[in-house]
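As the structure is a prediction and not an experimental result, all values here were calculated from the model.
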Protein chains: 2
Amino acid sequence: MRDPEPLREALIKAGISLLEEGGAAALSLRRVAARAGVSHAAPAHHFAGLPGLWTAIAARAFQDFAQSLQRQVDAAPPDPRARLEATCQGYLDFAATHPGLFHIMFVSPEVNRADAGIAPHSARAYQILRDACLPFSSTSAPDPVLEIAVWSMAHGYATLRLHARPAGRPMPQAPAFAACLAALLDERTRGPLASQDEMR
Amino acid sequence: MRDPEPLREALIKAGISLLEEGGAAALSLRRVAARAGVSHAAPAHHFAGLPGLWTAIAARAFQDFAQSLQRQVDAAPPDPRARLEATCQGYLDFAATHPGLFHIMFVSPEVNRADAGIAPHSARAYQILRDACLPFSSTSAPDPVLEIAVWSMAHGYATLRLHARPAGRPMPQAPAFAACLAALLDERTRGPLASQDEMR
DNA sequence: ATCGGAACTTTACAGTGTCAGGCTCCAGAT
DNA sequence: ATCTGGAGCCTGACACTGTAAAGTTCCGAT
C-alpha cells in the first residue's frame with residue numbers, strides 16, 4: 001500500500017514550499033501545478049478548488065505543528081513550569097518560523113477547519129497545551145479558563161509579533177513572552193514548584 | 001477648504017462597505033471603482049495600487065477603532081477594573097462586529113502599518129489600553145509586560161474566536177474573556193487602591 | 001470485450017491588478 | 001492672452017488568476 005496518490009502528495013509539498021517562500025499570496029493552483037509538472041487544472045481536480053488545496057495544506061501543517069509542539073515539550077525539563085513554557089515557546093517558534101503555514105492554519109477564512117483531515121491534528125495540538133496547563137489548575141481537573149487564557153495570550157503574542165511588527169509601536173523591544181506568561185501564572189505558582197528563568 | 005478630494009473619500013467608504021459585506025476577498029479595486037461610479041483605473045491612481053487602498057482603509061479603521069474604544073471606556077464606571085474590562089470588551093466587540101476591518105488592520109501583510117495615516121490612530125488606540133493598564137502596575141510607572149500581556153490575550157482571544165470558531169474545538173462554549181482577564185489580574189488587585197484614578 | 005470511471009489535459013471564460021497612453025480642465029508662468 | 005504642465009480620470013491592453021466543460025488516456029471490473 002505504498003504511494004497513495006503520489007501526485008496529490010507532490011502538490012501538497014509544492015504548495016507548502018510556495019507558501020514558505022512567498023507567503024499566502026504566492027500560493028496559487030496554477031503555480032502549484034507548474035511546480036509539480038502537471039497541467040494547471042490538475043490541482044483543482046484533486047482538491048476541488050483552491051479552498052480544498054488550502055484545507056489539505058492546513059491539515060498537513062497542523063500535523064507538523066502538533067509534532068513540533070510534542071518534540072519541544074518532550075525535550076523540556078520535567079517540571080510543570082518548564083513544560084508549559086516549552087509548549088508556548090513551541091507555539092511562538094512555529095508561528096515565527098512558518099508564518100505562511102500559520103496563516104493557513106488559523107487565519108484564512110476559506111479553509112474548513114472542521115475538515116476530517118484537520119480536526120484530529122488540531123485536537124492533538126490543543127491536547128498538548130491542555131496537558132501542559134493541567135498542573136496549574138487550582139483543582140485537580142482541567143481548567144478551561146486557564147487553557148483559553150494561555151492559548152489566547154500565546155496566539156495573540158505570536159500574531160501581533162508577526163503582523164503588527166512593522167508598525168513598530170511596542171512590539172520590537174517588547175518584553176519576552178515568558179514575562180507575560182509569568183504575569184498569568186505567578187499567582188498559581190504556590191501550587192506546583194516555581195522555576196525562575198527567562199525565555200529567549 | 002471643504003471637500004478635500006471627494007472621490008478619494010467615496011472610494012474609501014465604498015471599500016469599507018465592500019469589506020463589511022463580503023470580507024477581505026470582496027474588496028477589489030475594480031469593485032470599489034464600480035460602486036463609486038468611476039472607471040476601474042481611478043482607484044489605482046488615487047491609492048497607487050491595491051496595497052495603498054488597503055492602507056487608506058486601515059487608517060480609517062484604526063481611527064474608528066480608537067474612537068470606539070474611547071467611547072466604551074468613557075461609558076464605564078470609574079473604577080480601574082471596570083475601565084480595563086471595558087477596554088478589552090471594546091477590543092473584542094470591534095473584532096466581532098467588523099471582522100473585515102479587523103483583518104485589514106492587524107493581519108493583511110500588504111498594508112504598511114508604519115504609514116503616516118495609520119500610526120497616530122494606532123498609537124492612540126494603544127495609549128487607551130496603556131492608560132487602562134496603568135492602575136494595575138506594581139510600580140507607579142507603566143508596566144510594559146502587563147500591557148503586552150493584556151493586549152496579547154485580548155488580541156488572541158478575539159482572533160481565535162473569529163477564525164478558529166468553525167473548527168469548533170473549544171471556542172464556542174469557551175469561558176468568557178473576563179474570566180481569562182481575571183486570571184491575569186487577580187494577583188494584582190491588592191496593588192492599586194480603588195480610590196482615585198485619573199480621568200481624561 | 002466492453003463498460004465505466006478515475007486521472008489527467010485542453011480549451012475557454014470571467015475577473016483581477018497594473019501599466020501605458022490619452023483626454024479634459026484649470027492654475028500659474030510667460 | 002497664450003502657453004505650459006500637471007492633476008484627475010478614462011480607455012485599452014496584458015498577464016495572471018480560479019473555475020467550468022469537454023476531451024483523452026488508461027485500467028480494473030463485469
Side-chain angles (χ1 to χ4, degrees), chain A residues 1-58 100 103-104 107-112 115 117, chain B residues 1-59 100 103-104 107-112 115-117:
Chain A
M1 285 313 175
R2 277 256 43 77
D3 261 10
E5 319 196 49
L7 177 55
R8 183 186 163 94
E9 195 55 30
L11 290 170
I12 290 180
K13 286 196 67 172
I16 290 179
S17 68
L18 254 328
L19 205 50
E20 306 228 298
E21 289 168 23
L27 180 59
S28 79
L29 286 176
R30 293 174 111 104
R31 259 205 273 256
V32 165
R35 185 160 294 205
V38 292
S39 95
H40 72 264
H45 175 264
H46 271 276
F47 301 104
L50 189 57
L53 173 63
W54 288 4
T55 300
I57 290 180
H103 185 270
I104 290 283
V107 179
S108 291
E110 287 89 350
V111 342
N112 172 21
D115 184 88
Chain B
M1 289 310 176
R2 278 256 48 78
D3 260 11
E5 320 195 49
L7 176 55
R8 183 186 163 94
E9 196 56 30
L11 290 170
I12 291 179
K13 285 196 67 171
I16 290 178
S17 68
L18 254 328
L19 205 50
E20 306 229 298
E21 289 169 23
L27 179 58
S28 81
L29 287 176
R30 292 174 110 103
R31 259 206 272 255
V32 165
R35 185 161 294 205
V38 292
S39 94
H40 71 264
H45 176 265
H46 271 275
F47 301 103
L50 188 58
L53 173 63
W54 287 5
T55 299
I57 291 180
H103 185 271
I104 290 282
V107 180
S108 291
E110 286 89 351
V111 342
N112 172 20
D115 184 88

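Under the 4.5 Å side-chain criterion, counting only non-hydrogen atoms from C-beta, Ile57(A) is not in contact with Val111(A). In this structure the side chain of Val107(B) reaches within 4.5 angstrom of the side chain of His103(A), judged on heavy atoms.
Taking Ser28(A) as the reference, nothing meets the side chain to side chain donor-acceptor pair (under 3.5 Å) condition, with sequence neighbours excluded. Remark: Glu20(A) pairs with His98(A) by the side chain to side chain donor-acceptor pair (under 3.5 Å) rule, at least two apart or across chains. For the side chain to side chain donor-acceptor pair (under 3.5 Å) test, no residue two or more places apart in sequence or in another chain qualifies with Arg31(A).
Of all heavy-atom pairs spanning Gly15(A) and Val32(A), the tightest one is CA-CG2, 3.8 Å.
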Sugar-phosphate or base contact per nucleotide [nucleotides 14-23 of chain D; S, B, -; heavy atom under 4.0 Å]: ---BBB----
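Taking a heavy-atom distance under 4.0 Å as the criterion, the stretch of DNA chain C touched by chain A extends 5' to 3' from dA7(C) to dA12(C).
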Validation: residues 37-52 of chain A side-chain donor-acceptor distances under 3.5 Å, sequence neighbours left out:
unit_1	atom_1	unit_2	atom_2	d
Ser39(A)	OG	Ala41(A)	N	3.3

